[in-house]
Number of protein chains: 2
Amino acid sequence: MKDGPDIARIGALIGDPARANILSALMNGKALTATELAAEAGITGQTASSHLKKMIEGGLLSQNKQGRHRYFTLAGPEVGATLEALMGLAARKGHLRTRTGPKDPALRNARVCYDHLAGDIAVRIFDNLSARGFLEASSDKGGLRLSPSGSDFVSSLGIDLAALHASRRPMCRACLDWSERRNHLAGGLGAAMLTWFEKQGWVMREPDSRVVHISARGRSELFGLFPAAWPQK
Amino acid sequence: MKDGPDIARIGALIGDPARANILSALMNGKALTATELAAEAGITGQTASSHLKKMIEGGLLSQNKQGRHRYFTLAGPEVGATLEALMGLAARKGHLRTRTGPKDPALRNARVCYDHLAGDIAVRIFDNLSARGFLEASSDKGGLRLSPSGSDFVSSLGIDLAALHASRRPMCRACLDWSERRNHLAGGLGAAMLTWFEKQGWVMREPDSRVVHISARGRSELFGLFPAAWPQK
DNA sequence: CAGATGCTTCGATGGAGATCGAACCATGAA
DNA sequence: TTCATGGTTCGATCTCCATCGAAGCATCTG
């Protein structure tokens with residue numbers, strides 16, 4: 001029973017509603033200040049401060065002091081992935097009676113998962129990439145790598161593959177999507193694709209949520225790039 | 001902030017030490033009775049009963065009534081995978097000061113992860129399978145599938161691939177190993193390989209823990225099957 | 001400098017829930 | 001049937017911790 005790492009510690013951290021709200025708010029990958037997070041969680045600054053301290057100590061968050069502000073982010077991609085997995089459990093079991101909020105359909109369609117794209121559209125893109133043989137299994141930490149043809153494809157988009165290779169971070173990684181219950185692409189390449197989509201003006205992130213909107217042009221461009229798996233409008 | 005599924009609910013479930021111990025005890029995939037679990041967690045039967053009820057309600061456990069006994073298991077592979085992910089966070093951050101117990105080296109070497117093999121050895125096997133091109137990316141739920149050559153290899157072992165295909169469960173799946181921080185093979189095939197190794201007498205499971213021992217013959221046979229990635233004795 | 005804003009620490013309060021004893025139900029054995 | 005064992009329900013207790021008010025420190029602005 002005493003085997004393995006202490007799961008209860010982090011479980012308890014995530015288990016408080018205020019802290020869970022803070023974590024969810026950070027799932028869009030942006031850095032937020034302590035007061036913003038307090039407002040997000042519906043608590044006062046004092047309590048937020050205590051929560052944030054605990055989560056830093058527990059390794060869930062990182063902080064970045066800038067002037068008199070203190071910015072908080074998730075401590076890393078693994079944290080985001082684990083939270084997404086927990087959401088998967090929460091969505092499926094037990095709390096199926098979660099009444100779906102107004103934003104819910106938009107979230108299911110496209111959202112940010114820490115630093116990459118998730119939701120229906122992200123799953124379709126992953127499907128398309130794998131169906132075309134651009135991804136293959138690997139012994140890397142991510143478990144996936146780009147095939148030669150996949151490398152060509154990504155380079156042809158104008159994404160700087162060399163920079164991605166230089167980074168220590170695993171480039172390709174499968175991340176389980178809580179709404180679709182299938183995989184989407186995470187890792188350095190997943191993050192790079194999201195920023196690239198943004199730069200093209202194909203997708204826009206809603207300021208203070210995980211929701212991602214797709215422009216009309218983005219829709220047609222993405223359809224062109226990933227044809228087979230795209231919804232017929 | 002109110003977006004998405006309710007993470008705090010399950011977080012709180014996992015966050016109690018007694019419940020965390022119960023979940024860890026079930027990570028070996030076996031079904032245990034309520035009293036066994038109570039002993040495992042160091043609590044009385046009454047409290048265990050209340051905990052078990054909550055976890056069933058929360059979708060983390062399944063129960064199976066047999067005679068006057070009630071057997072409990074993890075509700076499914078996703079639950080095991082999520083717990084393993086949480087262990088990854090716990091092992092890395094914050095609680096690095098977890099003094100490693102006596103069983104710890106054995107656990108890191110080989111253990112059961114719900115229904116498949118994990119630990120150093122499992123990672124090496126996964127490495128070997130992927131290096132030989134037996135696994136490729138797929139749009140399946142698991143994110144992986146067997147390549148043709150991989151199918152031949154598995155069939156040559158005597159594993160019934162048809163039965164695995166017939167099952168609704170995804171056959172191949174990458175599961176992140178908390179001790180190695182790399183992937184090992186889960187899914188139906190991962191489970192089938194573990195039972196097959198057991199049947200051959202190559203590995204045996206310690207009765208009431210996740211620890212898996214490798215017999216001398218198993219070591220040499222496994223070395224023969226997965227040569228490149230194996231430790232040189 | 002003074003004033004304002006962001007954030008933390010301290011202390012007190014209150015509520016949720018983990019725990020166990022005791023009684024109770026269900027199943028199997030004699 | 002009677003007894004024993006596995007499991008649950010109920011009620012009372014008690015500990016932990018989330019919360020906020022007040023005060024304090026740090027940083028920026030004027």
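In what follows, chains are A, B, ... by sequence order, proteins preceding strands, each numbered from 1. Just so it is clear, the values below take in all heavy atoms, side chains as well, and ignore hydrogens, waters and symmetry mates.
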All N/O donor-acceptor pairs, side-chain side in residues 187-197 of chain A, below 3.5 Å, sequence neighbours left out:
{"residue": "A:Thr195", "atom": "OG1", "partner": "A:Ala191", "partner atom": "O", "Å": "3.4"}
{"residue": "A:Thr195", "atom": "OG1", "partner": "A:Ala192", "partner atom": "O", "Å": "2.9"}

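- Listed by chain and number, the residues in a side chain to side chain donor-acceptor pair (under 3.5 Å) with B:Gln46 are B:Thr44 (sequence neighbours excluded).
- With sequence neighbours left out, A:His213 forms a side chain to side chain donor-acceptor pair (under 3.5 Å) with A:Glu206.
- Minimum heavy-atom separation, A:Arg111 to A:Arg108: NH1-CA, 4.1 Å.
- The salt bridge (charged side-chain N to carboxylate O under 4.0 Å, His left out) check on B:Arg70 picks up nothing, with sequence neighbours excluded.
- Listed by chain and number, the residues in a side chain to side chain donor-acceptor pair (under 3.5 Å) with B:Arg169 are B:Asp115 (sequence neighbours excluded).
- In this structure A:Arg19 satisfies the side chain to side chain donor-acceptor pair (under 3.5 Å) test together with A:His51, sequence neighbours excluded.
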Could you go over nucleotides 14-21 of chain D and give all protein N or O partners under 3.5 Å, atom names and distances?
{"residue": "D:dA18", "atom": "OP1", "partner": "A:Arg19", "partner atom": "NH2", "Å": "3.1"}
{"residue": "D:dA18", "atom": "OP2", "partner": "A:Lys54", "partner atom": "NZ", "Å": "2.5"}
{"residue": "D:dT19", "atom": "OP2", "partner": "A:His51", "partner atom": "NE2", "Å": "2.5"}
{"residue": "D:dC20", "atom": "OP2", "partner": "A:Thr44", "partner atom": "N", "Å": "3.1"}
{"residue": "D:dC20", "atom": "OP2", "partner": "A:Thr44", "partner atom": "OG1", "Å": "3.2"}
{"residue": "D:dC20", "atom": "OP2", "partner": "A:Thr47", "partner atom": "OG1", "Å": "3.2"}
{"residue": "D:dG21", "atom": "N7", "partner": "A:Gln46", "partner atom": "NE2", "Å": "2.7"}

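- Residues forming a ring pair (Phe, Tyr, Trp, His ring centres under 6.0 Å) with A:His116 (at least two apart in sequence, or on another chain): A:His184.
- Once you apply a 4.0 Å limit to the heavy atoms of chain B, the touched nucleotides of DNA chain C run 5' to 3' over C:dA18 to C:dG28.
- The CD-P distance, from B:Gln63 to D:dG7, rounds to 11 Å in whole Å.
- The stretch residues 27-36 of chain A participates, sequence neighbours left out, in no salt bridge (Lys or Arg N to Asp or Glu O under 4.0 Å) pair at all.
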Report summary line: For nucleotides 25-30 of chain D, 5' to 3', base contacts (B), sugar-phosphate-only contacts (S) and non-contacts (-) with protein non-hydrogen atoms under 4.0 Å give --BB--
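- Evaluation of the salt bridge (charged side-chain N to carboxylate O under 4.0 Å, His left out) rule for B:Arg68 yields no partner, not counting sequence neighbours.
- If you measure from atom CE of B:Met55 to atom P of D:dG7, you get 16 Å, rounded to the nearest angstrom.
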